[in-house]
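Each ligand, and each atom within it, is numbered from 1 in the order the structure gives. All values below were derived from every heavy atom in this structure, side-chain atoms included, with hydrogens, water molecules and symmetry-related copies excluded.
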Amino acid sequence: MIKLIELRKLVKVSQFLALLLLSSASHAQDATFIDNVLTLPKATVGEAAYALELGLSVNQGNYDFGVLAAAEIPFTGTEGASVFDGAVLRVPTVDVGGTNYSLDLALISGDPIIFRLSSYAEVAAPTPTALAQATALFDESIETQIVQGKCIVCHKVGLLANDSGLLFASTSQGSAATNLGAFANYLNGSEAARTRILSMVTGVGHTGGQQMNAGDEQHQALGEMLRLLLEHQAGI
Ligand code: HEC
């Protein structure tokens, strides 16, 4: 508990300086480690939150961090925050030269405050969900180039493919989401529906004729996007 009070005291003392130093960086959410300075945009102690800058010094093979600057910031929960439990400051992720690490910094001195690196581990980059990947691919390579560029002239209410089971919306804010949804509804978890789309766009049994060549870049993008949608629908 003494440690906690010490931290609060120090925070008050250095607040003015810290606010000057951190005002530019305070919007950044991720911890960084640059030029031996560990910047923690959000470190929580109980229900208080601080932006901290810790300076690294190597002492007899130990990695020690002293407080360079600290500023109290509004407490908005501990999500994504470094959390100090009175003994250990846990940094969930910090980019060090392109690799993300989690760090445990043990408080070894209260006055001055010094943390010592007690353990670290590499943090695997989270894999985006199948739906997120499908959405990204759709926005990047399909909505404009394929749906608006090729399909919409027929696959829209009132046009030639009005009675088909695949209707799109013209470009507008939100049309990409609507059109991704149209593909998702058409698929409805069925691999056969995916195969049907992929063969019809090459002209097989399609009143709309050949829209792309089997295996070309657009055909592959469409196939991959539909595969990801199915993966999402299967709950993988
Ligand atoms: C020149 C008009 C035209 C264009 C362009 C066109 N289609 Fe079609 N498409 C149709 C018509 C008409 C039908 C309904 C009759 C049929 O099945 O051939 C259809 C049917 C389909 C079906 C079967 C729907 C069902 O009910 O099972 C799919 C899948 C399809 N099109 C995909 C596409 C895609 C994807 C594109 C864009 C790359 C596209 N089409 C471009 C006219 C078109």
Side-chain angles (χ1 to χ4, degrees), residues 27-32 41-42 76-77 79-81 92-102 121-236:
H27 297 294
Q29 269 308 297
D30 290 338
T32 59
K42 184 159 106 174
T76 54
E79 200 182 314
T93 176
V94 56
D95 178 280
V96 182
T99 306
N100 285 334
Y101 293 94
S102 63
E122 206 173 312
V123 180
T127 332
T129 63
L131 181 59
Q133 291 180 62
T135 305
L137 183 55
F138 191 84
D139 292 351
E140 198 175 297
S141 314
I142 293 170
E143 164 68 2
T144 305
Q145 299 88 329
I146 300 179
V147 173
Q148 304 299 341
K150 294 177 183 283
C151 315
I152 199 89
V153 291
C154 299
H155 282 267
K156 194 180 162 185
V157 175
L159 301 182
L160 199 59
N162 182 60
D163 297 333
S164 78
L166 191 59
L167 295 178
F168 298 113
S170 297
T171 305
S172 72
Q173 208 183 5
S175 63
T178 304
N179 294 334
L180 179 65
F183 274 115
N185 288 338
Y186 186 83
L187 279 179
N188 194 22
S190 154
E191 180 61 45
R194 172 177 178 267
T195 307
R196 184 170 159 81
I197 296 173
L198 290 175
S199 77
M200 285 195 99
V201 293
T202 65
V204 182
H206 183 212
T207 309
Q210 182 175 8
Q211 296 297 326
M212 51 190 86
N213 293 313
D216 73 8
E217 207 179 307
Q218 290 199 333
H219 195 248
Q220 279 186 27
L222 187 60
E224 176 64 1
M225 186 279 297
L226 295 170
R227 187 191 67 74
L228 288 163
L229 273 184
L230 279 178
E231 199 176 300
H232 166 66
Q233 291 178 341
I236 295 168

What atoms of ligand 1 come closer than 4.0 angstrom to any heavy atom of [X]?
X	answer
G165	24 (C), 25 (C), 26 (O)
V153	5 (C)
G205	18 (O)
I197	29 (C)
I146	38 (C)

At what distance is the nearest protein heavy atom to atom 25 (C) of ligand 1, and which residue and atom is it?
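Answer for atom 25 (C) of ligand 1: Y186 OH, 3.4 Å.
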Quick one: do I146 and Q211 satisfy side chain to side chain contact (heavy atoms under 4.5 Å, CB included)? Show the steps, please.
CA-CA 9 Å; I146 300 179; Q211 296 297 326; over 6 Å; no
Enumerate, atom names and distances included, each donor-acceptor pair closer than 3.5 Å involving a side-chain atom of residues 125-142, sequence neighbours excluded.
from : atom 1 : to   : atom 2 : distance (Å)
T129 : OG1    : A132 : N      : 3.0
Q133 : NE2    : P128 : O      : 3.0
T135 : OG1    : L131 : O      : 2.7

Give the single entry among M212, K150, K156 that approaches atom 5 (C) of ligand 1 most closely by any heavy atom.
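The residue whose heavy atom sits nearest atom 5 (C) of ligand 1 is K150.
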Keeping to distances under 2.8 Å, can you name the protein N/O/S atoms close to atom 8 (Fe) of ligand 1?
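As for protein N, O or S atoms lying under 2.8 Å from atom 8 (Fe) of ligand 1, they are H155 NE2, H206 NE2.
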Any donor and acceptor pair, going by atom type alone, linking the side chain of [X] with main-chain N or O of [Y] inside 3.5 Å?
X	Y	answer
H155	F168	no
Q210	G203	no
N179	A169	yes
E122	Y101	no

To the nearest 0.5 Å, what is the distance between CD on Q233 and CG on N188?
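It is 6.5 Å, given to the nearest 0.5 Å.
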Nearest 0.5 Å, what's the CG-CD distance between L180 and E143?
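With rounding to 0.5 Å, CG (L180) is 9.0 Å from CD (E143).
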Ligand 1 N/O within reach of R196 N/O, cut-off under 3.5 Å
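Right, the criterion is met.
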Are there more than 12 heavy atoms of other residues, nucleotides or ligands under 6.0 Å from atom NZ of K150?
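Counting other residues, nucleotides and ligands, NZ of K150 exceeds 12 neighbours.
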Given the rule in the side chain to side chain contact (heavy atoms under 4.5 Å, CB included) test, do D30 and D95 qualify, once you have shown the distances and angles that lead to the verdict?
CA-CA 8 Å; D30 290 338; D95 178 280; over 6 Å; no
